[in-house]
Amino acid sequence: MTTIALNLQSVHERIARACAAAGRDVNEVTLLPVSKTFGPDAVQAAYNAGERAFGENYIQEAVEKQALLAALPIAWHCIGPIQSNKTRLVAAHFAWAQSVDRLKIAQRLSEQRPGSLPPLQVCIQVNIDGGPSKSGVAPGEALALARHVAELPRLALRGIMTIPEPAGDFDAQVAVHRRARALYDELRAAGLPLDTLSMGMTADLEAAIHAGSTMVRVGTAIFGTRPPRD
Ligand SMILES: *Cc1c(COP(=O)(O)O)cnc(C)c1O
């Protein structure tokens, strides 16, 4: 087996153990491998090991990679910041956009989604721990934004996504992730038909699953350490 296949196996085992510890069915949690900064060979190796969805942060990089892997039926998730001048690329080249945090961006994605493609699956990114320099809508504004996004014809609102700062220990991680779970439950109670709570990465996926995540986005534990990016 390749290193990537072995790494995937251990990440799936981590997810299974975390689900068991939390008394959850392993089928409630999806793994999204995050292939940013890694080349098409790495994606191909993970694909060969059974993965069919990948997360990418940098839109230009992702589109080039997608072109090289066009023969593979992969669902690409945009999980990085989306500027207005990139919405057309996201609308045309991704199955999901998880990092929607402004109505203007959502409107452009809906308008620009090609008619030949199914609706773009969308998560609202929420700045759950109030990091000052971070993307994401404030928790108190998530419901209003979600209601607007849910009305856009070419988008399918699926849930919320968070990227909390790395918190120290397990309990601190769980505390932050529980706030996101509470917000997700609140939006569902308000009538939004959400099924995706995207939270948890290499360092905190156990805590995220404990708190009720339905999708963990994992890069480092699968593909290795990324070179620093400026
Ligand atoms: C890079 C990234 C990940 C994966 O992080 P790892 O710590 O490498 O697992 C997940 N989500 C987002 C939004 C990212 O940018």
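Not measured: the values here are computed from a predicted model. FYI, the numbering just counts along the sequence from 1. Atoms within each ligand, like the ligands themselves, are counted from 1 in listed order.
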Donor-acceptor pair, side chain of [X] and main chain of [Y], under 3.5 angstrom:
X	Y	answer
T214	L197	yes
E51	P33	no
D129	E165	yes

May I ask you to identify the nearest protein heavy atom to atom 10 (C) of ligand 1, giving residue, atom name and distance to one decimal place in Å?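 For atom 10 (C) of ligand 1, the nearest protein heavy atom is M201 SD, 3.2 Å.
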Heavy-atom nearest neighbour in the protein, as seen from atom 11 (N) of ligand 1, with distance rounded to 0.1 Å: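 Among all protein heavy atoms, the one nearest atom 11 (N) of ligand 1 is R217 NE, 2.8 Å.
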Of I82, V100, I105, which meets side chain to side chain contact (heavy atoms under 4.5 Å, CB included) against V90?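 For V90, the side chain to side chain contact (heavy atoms under 4.5 Å, CB included) test succeeds with only one of I82, V100, I105, which is I82.
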For ligand 1, which atoms have a heavy atom of V218 less than 4.0 angstrom away?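 Selected atoms, number and element: 9 (O).
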Within ligand 1, which atoms have a heavy atom of T220 less than 4.0 Å away?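 With T220 as reference, the close atoms of ligand 1 come out as 6 (P), 7 (O), 8 (O), 9 (O).
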Say whether R226 and ligand 1 are in contact under the criterion: heavy-atom distance to a ligand atom below 4.0 Å.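 Under 4.0 Å: yes for R226.
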For ligand 1, indicate whether the residue [X] contacts it via side chain, backbone, both or neither (heavy-atom separation under 4.0 Å).
X	answer
K36	side chain
I163	side chain
N57	side chain

For the OH atom of Y47 and the CZ atom of R52, what is their distance to the nearest 0.5 Å?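 If we round to the nearest 0.5 Å, Y47:OH and R52:CZ are 3.5 Å apart.
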Judging by distance only, is a nitrogen or oxygen of G219 under 3.5 angstrom from one on ligand 1?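 Between G219 and ligand 1 (N or O atoms, distance only) the closest approach is under 3.5 Å.
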Do the ring planes of H77 and W96 sit parallel (below 30°), tilted (30 to 60°) or perpendicular (above 60°)?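 Answer is parallel, since the angle falls under 30°.
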Is it the case that more than 12 heavy atoms not belonging to R179 sit under 6.0 Å from its CZ atom?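 Atom CZ in R179 is crowded, with more than 12 foreign heavy atoms closer than 6.0 Å.
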Proximal candidate to atom 6 (P) of ligand 1 [heavy atom criterion; set I79, T202, T37]: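 It is T202 that holds the nearest heavy atom.
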